Amino acid sequence: MATLAARLGVIWAERPGLASWLTTVDHKKIGLKYIYTSFVFMILGGIESLLIRTQLIDANLEIVQPEFFNQLFSMHGITMMFLFAMPMLSGFGNYFVPLMIGTRDMAFPRLNSFGYWLFVAGGIFFYSSFLVGAAPNDGWFNYLPLASEQFSPGLNIDFYCLGLILLGISSTGGAINFIVTILKMRAPGMSLNRVPIFVWGELAMAISIVFAFPTLTLAVTMLELDRKFGFHFFEPGGGGDPVLWQHLFWFFGHPEVYIVALPAFGIASAIIPTMARRPMIGYTYIVLAEMAIALIGFGVWVHHMFADGLPGLTLSFFSASSMMVVIPTGVQVFAWLATLVTGKPILRTSGLFVLGFIFIFVIGGLSGPMLGLVPFDQQVHDTYFVVAHLHYVLVGGSMFPIFGAFYHWFPKMTGRMMSETLGKTSFWLMFIGFNVAFFPQHILGLLGMPRRIYTYEAGLGWEVGNLISSIGAFVLALGVLFTVIAFVRSQRSGAPAGNDPWDGETLEWASTSPPPAYNFAAIPTIRSKEPMWDQPELHEQEQKPALGLELAEGHQVLITSVLDAKPQAIAHMPHATPWPFALTMALLVLAYAILLDAWLLAGVGAVGTLVGLAGWFWPSGETQET
Amino acid sequence: MSWGDPFIIFAGVVLPAVILIGVFIVALRDMSDLSERGRTADITLEVVSHDWWWEIRYPNGAISANEIHIPTGEPVRMKLLSADVIHSFWVPQLQGKIDHVTGRENYLWLEADEPGRYRGQCAEFCGLQHAKMAFYVVAEEPDVFEEWMGGEAEDAATAPVDGGEVFLNSTCAGCHAIRGTEATATVGPDLTHLGDRETLFSGIIPNDRDNLERVITDPQSIKPGVAMPPTDLTDDELAVLLDYLEGLD
């Protein structure tokens, strides 16, 4: 059997060394790159939030200047949404979707590599704005006419528009890749009703991205045309309308919330069965709920605009649709609770993060429908009540599951166990710090404190709440630091993990830790929703690959049918290539050239882009090698 | 699990649906109550938001800034306009918020049961000094309000000797109006009855002589980035100018 593994090892091998990190198309390496890079951005976004909380720790402070404060809260939002949560969840998706569905790579490996590099380029582009003191300063929502050439003449908003175009291409490409991979590359027998819930979460995310991001890309392109070439899409004086921006932005912006929440719910659903040691109760309901949230998410955007003065009928419609989100969300929560209550839960760090997630997210879920009611929303809209709500929903709903995922999947990715002691310390600091930081913000909002203010007068009764909130923020940051320490230390000195340390039910636990480049020596046939529990032969798939499809004739994956996962074809996969990286560099040059009105350089970038595409698509003869 | 599915359906679908429908109906009732007020109001004030202050125009032609007088016991219709970017009108104790949207007209209804001063603040991020864009609503008994509004429409109380000359001959008059004098610019707040206001610089500091001096000589230290430039005056000029401005009530 060693011969089969050896043969596959040669076929799937990539050249070792530094260059391979530039050229790799291995979904696991790309997934790790996403995870590491977005973790760095999370720390940057966290530092921004600590500066914000330091400035607001008391009334009338001048620690951070107003202009810099506005850049900080804008970049904090942009970073946490586009440079942390989305790429982090794409990273876990990249690593684990192919493993969980029993295939050897993503459907479009080069597009995958391109998506990663473009995300890095977008992140560098955004953060280079700090070097010239012109980071985006009108919030992640970037309302017009404030963000127009007239009121924001600097480069700040151009960085915003062009950076988001880069990230938009990256996310959309990545999303298409997920959809095709999940629908067409599942192991034989893994019909749709056997797909792991985490994979469903990634699918729901990807579908939402494909429908939401074009609107954002369109909106920022229109804005850049307004700014650079005097178009009037959003300018009332020229027949445009600033409210159009709000519709376009929030048509993207609300689904974006679910884009970073749905795969995180999926993470929770991946951890809970191993924690409760029983299959998930209400699998079908959870899957339907995820899809329903993705769908309803496109019909609620006007609840961000309840103070715009829109007609009452519009407000009532969007109020009702916003209320509806509660139902599928609640269904998931009760399914998780039912599973935990009826199982024999073992409380590990990953499970603690899941319980913390449920607790925090439910509180955020309670303030959600409050905000959906127009008369209440018009009172607390744009106050710290909303800041509290959105952090309960997003930090609770996305960041806590992500931290749970670190502890759950670290053994699979590194072959070593992560420290439980450090992990539990980290959890409790984060959980307490989070609630201390954000719960008082509900009250601050009810006391009348608006969002996005760099300072406030003394004597309005806001000092105590802000002090408590700032202390909590630093405790939360300390908790994150403990996970960083655990991550670094366990990488070197963690106990060996083995293939399946948690007795997991999904297919990623069948491969070695870390998995070989080809993932599985043989593509297994799936007969259950919990294959690792119901198909004992999978535990020995390295030793007895004859039980599955070898596909060892070339660089190949199996293509199966959408509903039933019946084998249909064998696809030949591309090898490592530098072209996605080169194309990204050309696009980055193009973005900087447009930013600086350097049209000659833009020409160079455009030609570079064409060369990059040509190189990418040049027939290599790879498909004939079998 | 035999009870698992019914549990999820009941706790996750049926129960929230019943609660949400009830809450939603109550919210619709409140929404309609808040909007119907429009039909009974007989006074409309125009509030124009600027970077970063508020201009108020009364039906009798009076123009003021950053302090909005309203009569108690009756709904007052506020017509919300923006001179530049989007701002949001919010007096937490009296009403929810509605935006001043560039190029559009919005309406909001204020009603104060008790006389008093109610603090308001811009609630839509509007740039550098969004944090320092407050205002006050001053609610008074209807007869007190009528008298105040009548006085507010009159020309400046003080003849522009000495300090008025300084005002007209310095950069002040380039932006500010004092009705009854040659100063008619509308870039900055109307100062005709400045002495009557309790705060300066859109509700952020008390209106006293020291603060007024700081606003004139070093406005950027109070509100960095504000459009008002520092005015360079001799001590004598400053003293007579302050006398004059304090006398504008």
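All chains are named by letter (A, B, ...) in the order of the sequence lines, taking the proteins before the strands, and each is independently numbered beginning at 1. Just so you know, these numbers come straight off a predicted model, no measurement behind them.
In this structure, A:S319 contributes its side chain and A:G372 its backbone to a donor-acceptor pair below 3.5 Å. With hydrogens and angles disregarded, no donor-acceptor distance shorter than 3.5 Å links the side chain of B:D249 to the backbone of B:H193.
Residues of residues 123-131 of chain B that come closer than 4.5 Å to chain A, counting heavy atoms only, are B:A123, B:E124, B:F125, B:C126, B:G127, B:L128, B:Q129, B:H130, B:A131, ordered by residue number. When the heavy atoms of residues 198-207 of chain B are compared with those of chain A, the residues falling under 4.5 Å are B:G203, B:I204, listed by number.
Taking A:S316, A:S148, A:P279, A:G330 one by one and counting their heavy-atom pairs under 4.5 Å with chain B, the maximum is reached by A:S316. With chain B as the partner, the residue from A:Q379, A:Q378, A:Q332 showing the most heavy-atom pairs under 4.5 Å is A:Q379. Put simply, of A:T455, A:V380, A:L373, A:L446, the one with the most heavy-atom pairs under 4.5 Å next to chain B is A:L373. Top candidate by heavy-atom pairs under 4.5 Å with chain B, chosen from A:T284, A:L146, A:V331, is A:L146. Each of A:G237, A:A289, A:G309 has some count of heavy-atom pairs under 4.5 Å with chain B, and the biggest count is that of A:G309. In terms of heavy-atom pairs under 4.5 angstrom with chain B, the leader among A:Q65, A:Q150, A:H381, A:M305 is A:H381. Chain A forms more heavy-atom pairs under 4.5 Å with one residue of B:A27, B:G103, B:A17 than with any other, namely B:A27.
Of the two parts of B:D99, the backbone and the side chain both hold a non-hydrogen atom closer than 4.5 Å to a non-hydrogen atom of chain A. Only the side chain of A:P236 comes within contact range of chain B, judged by heavy atoms closer than 4.5 Å. Only the side chain of A:L460 has a heavy atom closer than 4.5 Å to any heavy atom of chain B. When heavy atoms are compared at a cutoff of 4.5 Å, A:A320 approaches chain B by way of both its backbone and its side chain. Residue A:E67 touches chain B through both its backbone and its side chain, counting heavy-atom pairs closer than 4.5 Å. Neither the backbone nor the side chain of A:I286 comes within contact range of chain B; no heavy atoms are under 4.5 Å apart. Contacts of A:V333 with chain B are absent, with no heavy-atom separation under 4.5 Å from either backbone or side chain. Contacts of A:Q71 with chain B are absent, with no heavy-atom separation under 4.5 Å from either backbone or side chain. Only the side chain of A:F73 has a heavy atom closer than 4.5 Å to any heavy atom of chain B. If you measure heavy-atom distances from A:F141 to chain B, the contacts under 4.5 Å come from the side chain alone. Both the backbone and the side chain of A:P66 come within less than 4.5 Å of a heavy atom in chain B. If you measure heavy-atom distances from A:S152 to chain B, you find no contacts under 4.5 Å at all. Of the two parts of B:D84, the backbone and the side chain both hold a non-hydrogen atom closer than 4.5 Å to a non-hydrogen atom of chain A. Of the atoms belonging to A:Y456, not a single heavy atom falls under 4.5 Å from chain B. Looking at A:D241, only its side chain comes within 4.5 Å of chain B, counting heavy atoms on both sides. Looking at B:F24, the atoms closer than 4.5 Å to chain A (heavy atoms on both sides) sit in the backbone and in the side chain alike.
Between B:A139 and B:Y118, the shortest heavy-atom distance links the atoms CB-CE1, 3.8 Å.
Around CZ of B:R119, the count of heavy atoms belonging to other residues, nucleotides or ligands within 6.0 Å exceeds 12.
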